[in-house]
Structure formats: structure tokens, C-alpha cells
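Below is one structure, written out as C-alpha cells, with a few remarks after it.
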2 protein chains.
Amino acid sequence: MDLDDRNKKVLQAVIDSYIASGSPIGSTVLVKRFDFGVSSATLRNIMADLEEMGYLTHPHTSAGRIPTDLGYRYYIDSLISVENDSDDIEEHLQQAPQLHGDDLQELMEEASRFLATLSHCAGVIVAPSESEAAYRHIEFVRLRGRQVLIIFVTSNGIVQNKLIDIDESIRQQDLNGFSAYLDEELEHRSLAEVRQQLTEKMKEEKLVFMQLMNETYRASQDVQERENEKVYIGGASQMLESPEFANVEKMRALFKAFEDKYKLLKLLDRSVSAQGIKVFIGSENPYFEMQGCSMVVGNYNAGSNVVGTLGVIGPTRMQYKQVIHVVDYTAKLLTKLLGERFQRGLDR
Amino acid sequence: MDLDDRNKKVLQAVIDSYIASGSPIGSTVLVKRFDFGVSSATLRNIMADLEEMGYLTHPHTSAGRIPTDLGYRYYIDSLISVENDSDDIEEHLQQAPQLHGDDLQELMEEASRFLATLSHCAGVIVAPSESEAAYRHIEFVRLRGRQVLIIFVTSNGIVQNKLIDIDESIRQQDLNGFSAYLDEELEHRSLAEVRQQLTEKMKEEKLVFMQLMNETYRASQDVQERENEKVYIGGASQMLESPEFANVEKMRALFKAFEDKYKLLKLLDRSVSAQGIKVFIGSENPYFEMQGCSMVVGNYNAGSNVVGTLGVIGPTRMQYKQVIHVVDYTAKLLTKLLGERFQRGLDR
DNA sequence: ATTAGCACTCGCCAAGATAGAGTGCTAATA
DNA sequence: TATTAGCACTCTATCTTGGCGAGTGCTAAT
């Protein structure tokens with residue numbers, strides 16, 4: 001905002017130092033480590049100004065300064081130069097392990113650990129939202145006795161399966177016929193259309209396949225809802241490394257929060273609206289009651305549509321520059337991998 | 001072993017009290033809380049004896065007694081009466097939430113949380129070993145471009161899917177034909193037999209479906225191996241409740257250990273040989289370097305064959321009586337549910 | 001506007017004091 | 001011989017105290 005050049009430099013120096021060391025930064029330390037060409041007394045004045053403006057604070061009277069959430073915000077908005085030394089980080093990322101999960105689920109787990117390892121925070125990934133997948137195929141397989149396995153396949157390779165009981169009089173051949181019929185009727189339709197069609201057909205007909213239709217309906221729902229609700233958390237123990245959580249109460253709260261995946265899901269999903277990386281600092285995040293935590297979130301996609309959210313959660317005092325890079329990199333990586341594997345769009 | 005009745009009672013009283021309170025038990029406390037008909041001085045003598053025999057120990061000279069691992073072992077082997085007040089526990093369990101996961105994976109996650117909630121420990125479940133599943137059906141679905149989704153179904157309803165690229169010249173009709181051919185050839189065979197058959201066929205033929213066969217082979221392998229390696233951990237934060245882990249270092253070690261699911265898998269799998277609940281106290285477990293932890297493990301199955309392991313991991317000072325019941329109950333519950341849903345055996 | 005100097009504040013840490021819990025031993029007792 | 005009462009002793013946990021060091025904020029000089 002209205003900071004002059006010198007103030008900016010001091011603020012940056014304080015935050016950088018604090019991020020690196022974790023302990024409050026005093027005027028003398030600053031004078032020693034940086035060359036501002038002024039004395040410690042002047043720095044004290046500057047820091048007092050910055051404190052008055054709300055960017056810094058004091059744990060207690062005779063301690064050094066630490067950044068406030070507002071200070072971090074300013075730091076991230078104005079002081080981080082993403083261009084700077086991004087080469088180092090890029091190089092570092094090159095050496096990162098590769099992802100090679102065979103199926104979607106495995107890939108997600110791997111990627112969440114990947115995020116965690118590189119960022120030293122907990123990595124979180126929300127599974128891609130499948131709202132634009134189209135119907136591709138359905139299969140009914142008779143198992144033992146009354147059991148039938150329904151396999152529902154979407155155009156982007158998501159497979160949903162479900163076990164149900166049906167009348168024994170329906171034979172595998174009948175099932176195959178019905179499956180072919182559904183394929184015929186529903187191919188290339190979006191999941192929403194599929195459900196609409198099914199509802200209509202169920203009204204018209206009064207047939208033996210009623211139950212199967214019903215279950216197909218539910219399967220299409222499940223693909224959209226349940227898959228969409230999956231949250232993968234990797235490397236949560238990374239967070240225990242930072243001294244911020246060397247407190248038993250905080251740890252407990254943290255892990256409780258991580259176990260409530262649904263809340264995390266909502267948190268991440270609501271956090272991101274547009275493309276690009278967003279940073280939420282400490283109290284800025286209304287949905288996450290965890291104190292002293294920041295989130296760096298981004299999107300990944302396949303094709304042109306946004307399909308998923310990913311990010312890291314760590315202490316407010318985190319290496320933002322690096323973490324932002326890591327999240328960005330991972331988002332692009334996932335986008336690329338998903339683009340290759342689960343190519344979206346209708347199959348024509 | 002060679003403990004007389006009074007010694008047994010004292011040992012039991014000490015361990016019960018220690019489990020309940022968490023702090024060392026002194027002779028006066030014992031005299032107040034129980035009625036042994038002797039004075040505290042006598043109790044001191046008895047406790048000194050028990051210490052000499054290795055069942056109890058001292059944190060320091062002027063503290064009360066706490067059980068050793070050997071003490072716990074004796075407690076579990078000889079002093080716990082499973083019959084006793086099992087009614088209370090049974091009743092308590094009746095009020096437990098029900099499990100209703102739709103697919104296997106969801107059920108496992110739910111069950112692990114179930115274990116954790118009822119035992120106040122971390123719940124761990126190793127997914128059922130599918131070694132005896134038989135081939136049921138294979139399906140190839142063309143997606144966009146070169147992509148083909150392979151869906152492999154076993155007789156007990158496990159679905160494994162995999163995305164591959166193949167030559168565009170192979171049409172969906174061809175795939176259907178090949179699928180029908182494989183179904184014909186492989187139906188009712190065990191997975192081991194399936195692989196054997198495929199290997200032979202691949203030798204004989206030099207056909208366009210080579211790649212598909214190869215992938216089918218790998219899918220059958222994956223069903224056996226990957227599914228088998230899945231470990232579900234629920235409610236790990238439960239463990240943070242106990243004061244034993246109110247130590248940052250221990251917490252870290254604990255969560256690091258939980259993140260290495262593969263190690264946990266081996267640990268649990270090797271721990272259980274036969275039917276029934278087993279208890280591993282502290283240092284008794286060679287694979288788990290975690291200090292101060294005990295495990296209570298059991299089996300669940302579907303039909304007559306052992307298929308999976310489940311258990312809880314908690315502090316050595318845990319409510320063994322209750323936890324053993326919970327593990328037993330959960331094992332039976334899972335066995336029942338799996339019996340209903342994923343009925344095993346060939347489909348005739 | 002900057003700087004040097006100085007009094008002051010506060011957290012940290014080690015040392016000492018104290019209280020409390022519990023033991024082990026000894027001598028008395030039934 | 002087994003049990004008990006009594007007592008000295010040990011060890012921990014907690015509280016207090018005082019010194020140290022880091023760092024600030026203010027004032028007066030430049």
C-alpha cells in the first residue's frame with residue numbers, strides 16, 4: 001500500500017528472517033544480517049512504524065518483531081517476486097520423484113505425498129469433479145445367487161461399481177440385453193441427462209428391469225457425488241516437524257481437523273474460484289478454525305475445464321515462495337498426467 | 001505362573017488401577033480402594049515380591065508401582081475374565097453405530113473408524129486377501145482415441161480397472177468378441193490358473209490381442225496384490241488423547257509410523273496366524289519399533305477362509321478387556337457383512 | 001532525519017526451598 | 001512366621017528467587 005521503499009525492504013527482511021529462523025527478529029540482528037546503511041535505532045523506529053500500520057507485532061515488550069497476518073499478506077501480494085530465483089526451485093523440482101500411479105486413486109495418493117514432501121506441509125488433493133463426464137457403458141454381471149454387480153463406466157474412464165440383489169429369474173442374457181439397450185439409449189449423454197432419461201423411462205415402463213434402472217440411476221449419482229467427495233491427505237506428519245506445532249494441544253486439534261475430510265473438502269473447494277494459486281493466511285480463512293495455519297491452494301484440470309483442487313496446509317510461518325512454486329508445479333503436473341490419461345470429452 | 005491367590009489379586013488391582021488412572025499405584029491407594037484385609041505395609045511387601053518376579057516396576061524410588069510388559073502379559077493371560085461384565089460391553093456395543101458402506105473400500109474405512117471410536121485407539125484394517133477369488137468376467141471399453149478401459153471382475157465382486165492405449169484399428173466389436181472368448185476360456189478358474197492359461201495362450205498365438213492379454217494378466221495380478229496391500233487406518237487422533245503421547249517426539253514417531261502403511265501391513269499380517277484375538281504388549285512386537293504401544297489383532301473372514309486382519313494400536317496402558325471385546329465384535333461384524341455381500345466361492 | 005545512549009521490561013534458566021507421596025527397613029506383635 | 005506400625009529416607013513436582021540477555025522506547029545530541 002503506502003509503504004516507501006525502505007519500509008518495504010525492512011518488512012521483507014523481517015519476514016524473510018522470521019520465516020527462516022522462527023524466532024522474533026530484533027533490530028540488531030537486522031543490522032548485522034542486512035545492509036540498510038542505517039543504525040539499529042533507526043530500524044527500531046521503522047519497525048515501530050510498521051507495527052503501528054499493523055504489519056508487525058510483538059510477542060512481548062522486549063522481544064523482536066514477528067509478522068502479523070496482514071504483514072504476510074502484504075509480503076505475498078507485493079514483496080514476493082515469483083521470477084526471482086525460480087530457477088533454483090525449478091531445478092530442485094526437476095529432481096523430484098515422478099508420479100506414476102496406475103489408477104486415479106493411486107495417482108491422487110501419490111500426488112498428495114508429493115506435495116507434502118516438497119513443501120514440508122500437509123498435501124491435500126480433492127478428487128476431480130466429474131460433473132462433465134458422459135455416459136459410456138454399463139455392464140451387469142451375475143455373481144453367486146441373487147447377486148448382480150453393476151459396473152458403470154463414464155467417457156473419461158471412471159468406473160463405479162455396486163453390488164445388488166435381484167430376482168433370480170433374470171438371466172445373464174437378459175442382463176446383457178438390457179445393458180445393450182441402455183448403452184444405445186444413453187450413450188454420449190451427460191450424467192444429468194442420464195438421470196433425467198432414466199426417470200422418464202421409469203415412469204413409462206412397468207418392467208422387470210425397474211430395479212436395475214433404479215440402481216443405474218443411483219450409480220450415476222454416485223459417480224458425481226461420491227467420487228467428487230474424495231479427499232487425499234498426504235504427509236500430515238510433515239507439519240509436526242515445525243516448532244509451531246510442538247504443542248500437544250495444537251497437534252491434537254490439527255489431526256482432528258485432518259480426519260474430518262468433508263470439512264476440508266468444503267474448505268478447499270470454496271477457497272478457489274478462478275485459475276491460479278491462492279494463499280490464505282492464518283485467520284483469513286473463515287472455514288478453518290485451525291490457528292496459525294496457512295493454505296496455498298490451486299486448481300488442476302484436464303482439458304479446458306477446472307476439475308479439481310489441490311493445495312498444502314502448513315504453519316503460517318512457511319516458505320511461501322517455495323511452496324507456491326511447488327503447488328503450481330504439482331497442479332501443472334497433475335493437469336498434464338490427467339490430460340494424458342483421463343482425456344475428457346465425448347468419445348466419438 | 002506360580003502366584004498365590006493374594007498376589008494375583010494384588011497384581012490385578014494394581015494393573016486395573018493403573019489402567020484406569022494412568023499414574024503409579026502406591027500401597028496406601030491400594031488399601032483405600034480395595035479391601036485386602038491387610039495393611040499397607042503388607043501390600044508393600046507383596047508389591048516388592050511382584051517387582052522381584054518382574055511383574056511390576058518403579059519409575060523411581062518414591063513412586064508407586066506400574067506394570068511391566070510381563071505384568072500385562074500375565075494380566076491378559078490369566079487375570080482377565082472375558083466372561084465377566086461382558087454384558088455391559090455387549091450392551092454398549094449394541095448402541096454402536098451400524099456399518100453400511102456401499103462398496104468394499106467404503107466399508108473398510110468405516111470399519112476402521114468404528115474400531116477407533118469404540119476402542120479409543122487407532123483402528124487398522126488390512127483389506128481381505130483375495131487369493132481365492134475366481135475369474136468371472138472381463139470387459140474392454142473403448143474410450144476416446146487409442147484408449148481402452150479394461151474391467152476385470154472376480155467371482156466375489158471385486159472390480160479392477162485399468163486404462164491402456166491400443167491400436168486404433170481394433171474396434172469395439174473385436175473387443176467384445178475377445179472378451180467373450182476370454183470369458184469362455186477362463187470362467188471359474190482361480191486367478192493363479194488364469195495367469196497360467198494366459199501365459200500358455202500367449203506362447204501359442206501371435207495375435208493382435210497380445211497386448212490385451214498381457215494387460216489382462218497384469219490386472220489379475222493386481223487384484224491379488226494391490227488390493228491385498230490396502231491398509232485402512234481410522235481415528236489415529238484417538239491415540240493423541242492418552243497422556244502417554246502427550247510428548248511431541250512420540251507423537252511424531254507415531255504418525256510417521258502410521259504413514260508407512262506397508263510396514264503396518266506386514267506387521268499385522270505376520271502377527272496373526274490362527275483364528276482368535278491376539279494381544280501384543282509393548283516390546284513383544286518385533287516389527288513395531290514404537291515404544292509404549294500395544295496391539296490387539298484379530299481376523300475376519302467370509303465363508304470359512306481367513307481373508308483379512310484387523311486390529312487396534314494404542315498405548316500399552318489400554319483398556320484391554322474392552323478393546324479385546326471391540327476387536328472381536330468388529331471382526332464378527334465384518335465377517336457377517338462380507339459374508340452377506342461378497343459371498344465367496346464359484347458362481348454356479 | 002538520524003543516531004547514540006540509557007533506563008526499563010520481559011522471558012528464560014538455573015538454583016534453592018518446600019511439600020507430598022511412597023518406599024524400605026526395623027522392631028514390635030499376634 | 002506372617003503381619004503391622006512407625007520412621008527415616010528418597011525422589012519428584014512445584015514454586016520462588018535472582019541474574020542474564022535481548023530488545024525496546026525514549027530523549028537528547030548531531
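Letters A, B, ... mirror the listed sequences (proteins, then strands); counts begin at 1. Bear in mind the structure is a predicted one, so any value in this text is a computation, not a measurement.
First and last contacting nucleotides of DNA chain C toward chain A (any atom under 4.0 angstrom from a heavy atom, 5' to 3' order): C:dT2 to C:dG11.
Considering only heavy atoms from C-beta on, B:Val124 stays 4.5 Å or farther from B:Met295 through its side chain. Side-chain contact between B:Ser294 and B:Ile281 is present, with heavy atoms from C-beta onward closer than 4.5 Å. Contact annotation: the side chain of B:Arg33 approaches that of B:Ser17 to within less than 4.5 Å [non-hydrogen atoms, C-beta and beyond]. Looking at heavy atoms from C-beta onward, A:Leu240 lies in side-chain contact with A:Phe255 at the 4.5 angstrom threshold. Counting heavy atoms from C-beta outward, A:His120 and A:Gln319 have side chains that stay 4.5 Å or more apart. Put simply, the side chain of B:Tyr75 reaches to within 4.5 Å of the side chain of B:Asp16, judged on heavy atoms.
Residue order along DNA chain D, read from the 5' end via each residue's closest nucleotide, puts B:Thr61 first among B:Thr61 and A:His58.
The interatomic distance linking A:Lys32 (NZ) with D:dA22 (C1') rounds to 10 Å, in whole Å. D:dA13 atom P lies 6 Å from atom NE2 of B:His60, rounded to whole Å. Atom CZ in B:Arg65 sits about 14 Å away from atom C1' in D:dC11, given to the nearest Å.
With salt bridges taken as basic N to acidic carboxylate O contacts below 4.0 Å, one links A:Glu51 and A:Arg65.
Taken residue by residue, residues 37-46 of chain A places heavy atoms nearer than 4.0 Å to DNA chain C at A:Gly37, A:Val38, A:Ser39, A:Ala41, A:Thr42, A:Arg44, A:Asn45.
Other residues, nucleotides and ligands contribute at most 12 non-hydrogen atoms within 6.0 Å of the CG atom of B:Asp35.
When every heavy atom of A:Glu241 is checked against every heavy atom of B:Arg252, the shortest pair comes out as O-NH2, 3.7 Å.
Here the CZ-CZ distance, from B:Arg73 to B:Phe280, works out to 8.0 Å after rounding to the nearest 0.5 Å.
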Original post:
For DNA chain D, what dot-bracket results from Watson-Crick or G-U pairs at under 3.5 Å, with [ ] for crossers and | for inter-strand partners?
Top reply: ||||||||||||||||||||||||||||||
